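Right, one structure below, let's go through it.
In this text, all values refer to a predicted model and were calculated from it rather than measured experimentally. Note that the numbering runs from 1 along the sequence shown for the chain.
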Amino acid sequence: MLIGLLTAIAASICYGTGSVLQAVGSRRAARMSPAAAGVTQHGGPNLSSTAKAAMTWEFIVGTILDFVGFGLGALAARLLPLFLSQTVISANLVITAVLSVKMLGIRLTRKEWTSIGVVCAALVLLATAAGHEGGHHAPMSTHWWLLGVTLLIIVGGTVAVRFLGARAAILAGLLSGLAFGALGVGVRILNGVEPFGLGSLLSDPALYAIVLAGVGGMYLHTVALQIGSVNGATAALVVGETVLPGAIGVLWLGDASRPGLAWLAVLGFVLAVTGAVAVAWYGNHDGAESTTDSPQPAPVA
């Protein structure tokens, strides 16, 4: 349990730091481009401006941290109940908010600090109440369903962002969170890991769901960072990557709390998600960000 918890915390730090660095890189790329460049006729993103953002050194370092966080998060998903591992990892919003003070020139209000405190306290409650993780086996039909749903999330999110433009910022963040949640579920049920079997691994649809969710989720999150508040986008991601995977872990994979502490686990989970959303709700610093970057609308990915 302790190793899994430390792994999840390390993944959270990597993801939180990476998000801020990617936001810095995205905004720097936006400042260096004409206001009308890189958008579709609907005001949505195209791949050209995403590529420009991805070439900044901040974005590259942030992406490397994301990959490290992915590896650590995958390990945590195998060692902890999903409602604990995904919630701890999603607490990267706290890291994002704190680092935004220094790197994005944002000042946190008392309500934001209170919300951050709620998240930290909730994680302590969750860690105290969490019991053993469930099994790693699921029917093959579940593996195929996971791949199909992941494909639907990524394709639907890409289409929505292209046609809704800046109005899809929160939606993009939410769908990226659902993709990362699907990634956690896929890692949990992946065949050919214990014991290792290359044939079983390569023939498992969950493997391709993991790859698709990782790449597609990162793209949608990048879009959300460019067209909306960094804290708002990350908060929507938090909801997507915690609630549904946590429920799947409890209802279908056998995740459980310690005997008699189910109420504490539920309380910690609700407080963690609520606190994370509150950080974003009170931390809508679009005005500060636009002042830092430019008065012109930024091109999106």
Practice item. Quick one: pull up OG in Ser85 and CD1 in Ile9 and give me the separation to the nearest 0.5 Å. Key: 12.0 Å

Practice item. Spell out, as yes or no, whether a donor-acceptor pair under 3.5 Å connects the side chain of Asp204 to the backbone of Asn191. Key: yes

Check your understanding: Could you state the interatomic distance from OG1 (Thr87) to CG (Leu126), rounded to the nearest 0.5 Å?
Key -> 5.5 Å

Point to revise | Leu6 atom CG: more than 12 heavy-atom contacts under 6.0 Å | key: yes

Review point. Hey, any chance Val124 and Ile89 share a hydrophobic cluster, counting ILVMFWY side chains that come within less than 4.5 Å of each other, even indirectly?
Key: no

Check your understanding: Ignoring hydrogens and geometry, is there a side-chain-to-backbone donor-acceptor pair from Asp66 to Gly18 under 3.5 Å?
Key -> no

Review point. Quick one: do Val215 and Leu151 end up in the same hydrophobic cluster if we chain Ile, Leu, Val, Met, Phe, Trp and Tyr together by side-chain heavy atoms under 4.5 Å apart?
Key: no

Check your understanding: Do Tyr208 and Val193 belong to the same hydrophobic cluster, where Ile, Leu, Val, Met, Phe, Trp and Tyr are linked whenever their side-chain heavy atoms lie under 4.5 Å apart, directly or via other members?
Key -> yes

Exercise for review: Under the side-chain hydrogen bond (donor to acceptor under 3.5 Å, both in side chains) rule, what do Glu112 and Ser115 come out as? Steps first, then yes or no, please.
Suggested key: CA-CA 5 Å; Glu112 289 173 274; Ser115 301; over 6 Å; no

Check your understanding: For Ser200, does its backbone N or O pair with a side-chain atom of Ser203 as donor and acceptor, under 3.5 Å?
Key -> yes

Review point. Is there a donor-acceptor pair under 3.5 Å between the side chain of Tyr15 and the backbone N or O of Ala91?
Key: no

**Study point:** Value rounded to 0.5 Å, distance of CG in Leu147 from CD1 in Ile210
**Key:** 10.5 Å

Exercise for review: Using modelled atom types only, decide if a donor and an acceptor are shared between the side chain of Arg78 and the backbone of Arg188 within a distance under 3.5 Å.
Suggested key: yes

Point to revise | Ring geometry between Phe180 and His221 (parallel below 30°, tilted from 30 to 60°, perpendicular above 60°) | key: perpendicular

Practice item. Spell out, yes or no, whether Val98 and Leu123 are grouped together once hydrophobic residues are joined by side-chain heavy atoms under 4.5 Å, including indirect joins. Key: yes

